[in-house]
Amino acid sequence: MEKRNVLLIGGGGREHAIARSLSRSPLLGKLFITPGNPGTADLGENSDLDTDEFDDVVDFCETHHIDLVVVGPEQPLVEGITDYLHDYGINVFGPSKGAAMLEGSKSYAKSIMHKYAIPTAGSEVFDRHEISKLETYLQEQGQFPIVIKVDGLAAGKGVFICENIARAREYIDLIMNDVNLSAAAPTIVVEEFMQGEEVSVFAISDGTTARYLMHAQDHKRIGDGDTGLNTGGMGAYAPAPVLTDAMKQDVMERIIQPTIDAMAAEGTPYTGILYAGLMITGEGPKVVEYNCRFGDPEAQVILPALNSDLLELMITTVNGKLEYQSLDLAPDYFCTVVMASAGYPGTYTSGLPVRGLEHVPEGVQVFHSGTQRNKEGELLTRGGRVLSVVGRGSTLQQAIDAAYEGVERIEFEGAYYRKDIGAKGLRYFNS
Ligand code: AMP
Ligand code: GLY
């Protein structure tokens, strides 16, 4: 069997989960991760390659005989790393720059959805020089809340739910004057507010065929009961019972496959992971947003459910042969609880000793996000989200209990975690 060398880009819990699945493949030769983290260091070789410099990535791939580059985060995809490496004959798992615009530009994503009748909220797009037109539009709105979004990547900070017109004006001012937001806002998208429960559907596509991978629910807010500030994600569970099997089928037929078909028709076929953030509204599932990669922490509950060989699946996808590959998914439930530094998502201290990983019960998986090792090899904190602890069970309750049993064995000063991960899902079994 021909072994393949892989370069994995990223350094969070998501990439630790990807690295663990890749490392189980009999097809894997050498695995390099850049920048990686202390978790991925146990599975392959971490590198400090600067992935902003695509030329350096090409050199690295040539030197280390890399057969496949796997891109974890959205930024390099939106900036076109896939196209750049392709020009040098390097295989990349992840969409092209044109296809990654589904995440990189909200106005582009909305235009595709409207053009191809993919269910989503109604929307209007305004150029940043058309603020007076936007003001007139707001005055004509009978219905609040409305949602205002900046067009480009804004690390989760570019969406504003406006209860009334005064709020909308305030947010528009903020967008126009904040340097970070302003850069992401060549255009502003104004969208209808959708009421409902959110769920994320993950599919894999080779540009033509799409296969369902899993659906999960994230917990974006810092506080229990979905209160407080937005974060990168404080926990997730899968599969989320809010989406029934019948709805899942419907999402594949009316949202995922039409999106893949639309991108092919536009001349920018979509290859890689398509992550559709959905709202389950009274009129059925509608798209809130697309992402062009695995979620973090959703990957930590999706990948452990995949019995199929991830590396083989990625190679098949890159070769456009997904049609011939079936997926084997475990029937279990998975829950991940993120342990964060005190103060996150605001300011926090790093460099605090992390203890107890060796006491985590068997079957509970721990993925590193913001950790580091000092010269003595001790594990320390190094970021907001420090670890994600994953439990598995034949019921959602068992998966939740297993994750929290793991969390209780791990210690670092001020460790913070939500106590209600998965609770939303349990309601479907208790009623
Ligand atoms: P996005 O970055 O587009 O996913 O938006 C971030 C969050 O804002 C989503 O996860 C939703 O909770 C919320 N959101 C975005 N768009 C809408 C909408 N049209 N209606 C209701 N909530 C929304
Ligand atoms: N957990 C949300 C994301 O990865 O975008």
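We count ligands from 1, going down the list as the structure has it; atoms in each ligand are counted the same way.
The single protein non-hydrogen atom nearest to atom 5 (O) of ligand 1 is V159 CG2, 3.3 Å, given as residue, atom name and distance. In terms of protein heavy atoms, atom 23 (C) of ligand 1 is closest to I161 CD1, 4.1 Å. Among all non-hydrogen protein atoms, the one lying nearest atom 5 (O) of ligand 2 is R293 NH2, 2.9 Å. Among all protein heavy atoms, the one lying closest to atom 14 (N) of ligand 1 is V288 CG1, 4.0 Å. Scanning the protein for heavy atoms near atom 21 (C) of ligand 1, the closest one is M194 O, 3.3 Å. The protein heavy atom nearest to atom 1 (P) of ligand 1 is E289 OE1, 3.4 Å. The protein heavy atom nearest to atom 9 (C) of ligand 1 is E198 OE1, 3.4 Å.
In K97, the NZ atom is not crowded: 12 or fewer heavy atoms of neighbouring residues, nucleotides or ligands sit closer than 6.0 Å. No more than 12 heavy atoms of other residues, nucleotides or ligands sit less than 6.0 Å from atom CZ of R167. When the shell of 6.0 Å around CG of D48 is examined, it contains 12 or fewer heavy atoms from other residues, nucleotides or ligands.
No part of R14 comes within 4.0 Å of ligand 2, judged by heavy-atom distances. Residue-level proximity to ligand 2 for F294 is absent, since no heavy atom of it falls below 4.0 angstrom. Only the side chain of K106 comes within 4.0 Å of ligand 1, counting heavy atoms alone; its backbone N, CA, C and O stay farther away. In E191, the part holding a heavy atom less than 4.0 Å from any atom of ligand 1 is the side chain.
E253 and Q257 form no side-chain donor-acceptor contact under 3.5 Å, judged by distance and modelled atom types alone. For R20 and Q365, the side-chain atoms include at least one donor-acceptor pair closer than 3.5 Å. Judged purely by distance below 3.5 Å, without hydrogens or angles, the side chains of Y270 and T259 never pair a donor atom with an acceptor atom.
The pair K419-D224 fails the salt-bridge criterion, with no side-chain N (NZ, NE, NH1 or NH2) lying under 4.0 Å from an Asp/Glu carboxylate O. A salt bridge links K115 with E266; the closest basic N to acidic carboxylate O contact falls under 4.0 Å. With respect to the salt-bridge test (charged N to carboxylate O, under 4.0 angstrom), the residues K110 and D151 do not qualify. Salt bridge annotation for R293-E103: present, with a cationic side-chain nitrogen under 4.0 angstrom from a carboxylate oxygen. No salt bridge links K286 with E192; every basic N to acidic carboxylate O contact stays at or beyond 4.0 Å.
For the side-chain hydrogen bond (donor to acceptor under 3.5 Å, both in side chains) criterion with S388, the lone passing option out of H368, H16, Q300, R14 is Q300.
For ligand 2, the polar-atom distance check against K220 finds no nitrogen or oxygen pair separated by under 3.5 Å. At a 3.5 angstrom cut-off on N or O pairs, G232 counts as close to ligand 2. Here's the thing with F193: none of its N/O atoms is less than 3.5 angstrom from an N/O atom of ligand 1.
Distances from ligand 1 to the non-hydrogen atoms of K220 include at least one value under 4.0 Å. Contact between G277 and ligand 2 is absent, with no heavy atom of the residue lying under 4.0 Å from the ligand.
If you check each of Q195, K149, K286 against atom 16 (N) of ligand 1, the one with the closest non-hydrogen atom is K149.
Proximity to D218 (heavy-atom distance under 4.0 Å) selects the following atoms of ligand 2: 1 (N), 2 (C). Counting atoms of ligand 1 from 1 in the listed order, those under 4.0 Å from a heavy atom of M279 are 21 (C), 22 (N). Under a 4.0 Å criterion applied to the non-hydrogen atoms of E298, ligand 2 contributes the atoms 1 (N), 2 (C), 4 (O). Below 4.0 Å from some heavy atom of G295 lie the following atoms of ligand 2, by number and element: 4 (O).
The aromatic rings of F202 and Y275 are tilted relative to each other, their planes meeting at an angle between 30° and 60°.
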